[in-house]
Amino acid sequence: MARLKAFRGVATRYKDVADFLLIYIEEAHPSDGWVSTDAPYQIPKHRCLEDRVKAAQLMTLEIPDCLVVVDTMDNASNAAYGAYFERLYIVQQETVVYQGGRGPEGYKISELKSWLDQYKSQLNNSSTVVIQV
């Protein structure tokens, strides 16, 4: 959760070209486990899906315009995307086009911004016109 403010800034800045989804996975530093001194919330280890949903609701307070969903208790999304414990992805038309490094060291919001800047520039320079009838 420490990087949520930066993520919120990106989600706000690029909402005209991207939809943002946050998948809340297993808590990296539960208050009853490997505690982080800079954690803004005290969240115990999730013992059931209800615990995880409750913790994820805090995310909706931090990033109100971002859709927040919850991983299963068997951590299927975490396993599929190697998120352990935070990771950035860009998916276009069901294809991963950007995969950030694993957090916390590999979590680089600057890379995400750079990719989105390039994408936005391509959209602005495109000569394709879409007419809906």
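Fair warning: this is a prediction, and the values are worked out from it, not measured in the lab.
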>> I need the Leu61 CG to Gln57 CD distance, nearest 0.5 Å.
In response: 8.5 Å
> Counting N and O atoms only, with roles assigned by atom type, does the side chain of Thr60 sit under 3.5 Å from a partner on the main chain of Pro64, one being a donor and the other an acceptor?
Replying inline: no
> Quick one: side-chain hydrogen bond (donor to acceptor under 3.5 Å, both in side chains) partners of Asp16, sequence neighbours excluded?
Replying inline: Lys120
>> Please say yes or no: joined through hydrophobic side-chain contacts below 4.5 Å, possibly via intermediate residues, are Leu4 and Val53 part of one cluster?
In response: no
> Shortest non-hydrogen contact from Phe20 to Cys66?
Replying inline: O-SG, 3.5 Å
>> Using only atom types and a distance under 3.5 Å, with no angle test, would you say the side chain of Ser121 pairs donor to acceptor with the backbone of Asp117?
In response: no
> Could you give all pairs that pass the ring pair (Phe, Tyr, Trp, His ring centres under 6.0 Å) test and reach residues 51-79, with sequence neighbours left out?
Replying inline: none
>> To the nearest 0.5 Å, what is the distance between OH on Tyr98 and OG on Ser114?
In response: 9.0 Å
> Do any pairs count as a ring pair (Phe, Tyr, Trp, His ring centres under 6.0 Å) and have a residue in residues 56-82, sequence neighbours left out, and if so which ones?
Replying inline: Tyr81-Tyr89
> Where is the tightest heavy-atom contact between Ile25 and His46, given as atom of each residue plus distance?
Replying inline: O-CE1, 3.7 Å
>> If you count heavy atoms of other groups shown closer than 6.0 angstrom to CD of Gln92, is the number above 12?
In response: yes
> When rounded to the nearest 0.5 angstrom, what is the spacing between NZ in Lys54 and CG in Leu49?
Replying inline: 14.0 Å
>> side-chain contact (heavy atoms from CB on, under 4.5 Å) for Val10 and Ile109? Distances and angles first, verdict last.
In response: CA-CA 8 Å; Val10 169; Ile109 203 87; 3.6 Å; yes
>> If you apply the rule side-chain contact (heavy atoms from CB on, under 4.5 Å), what do you find for Leu22 with Leu67, and how did you get there?
In response: CA-CA 6 Å; Leu22 196 147; Leu67 179 61; over 6 Å; no
> Are the side chains of Leu21 and Val91 in touch, meaning some heavy atoms are under 4.5 Å apart?
Replying inline: no
>> Once rounded to the nearest 0.5 Å, what's the spacing between atom CD1 of Ile43 and atom CG of Leu58?
In response: 5.0 Å
>> Is any side-chain heavy atom of Ile23 closer than 4.5 Å to one of Val70?
In response: no
> Looking only at heavy atoms, which two atoms of Ala56 and Val68 are closest? And how far apart?
Replying inline: O-CG1, 4.0 Å
>> Could you work out, with ring pair (Phe, Tyr, Trp, His ring centres under 6.0 Å) as the rule, every residue matching Tyr107, not counting sequence neighbours?
In response: none
> Going through the distances and angles, do Glu62 and Arg8 end up as a side-chain contact (heavy atoms from CB on, under 4.5 Å)?
Replying inline: CA-CA 8 Å; Glu62 296 291 331; Arg8 181 178 57 222; 3.9 Å; yes
>> Run the side chain to side chain contact (heavy atoms under 4.5 Å, CB included) test against Asn75 and tell me which residues pass, sequence neighbours left out.
In response: Glu26, Arg52, Asp71, Asn78
> Run the side-chain contact (heavy atoms from CB on, under 4.5 Å) check on Tyr119 and Val97 step by step: do they pass?
Replying inline: CA-CA 11 Å; Tyr119 178 71; Val97 294; over 6 Å; no
>> Counting only heavy atoms from other residues, nucleotides and ligands, does the tally under 6.0 Å from CG of Asp19 exceed 12?
In response: no
>> Does anything in residues 96-116 form a salt bridge (charged side-chain N to carboxylate O under 4.0 Å, His left out)? List the pairs, not counting sequence neighbours.
In response: none
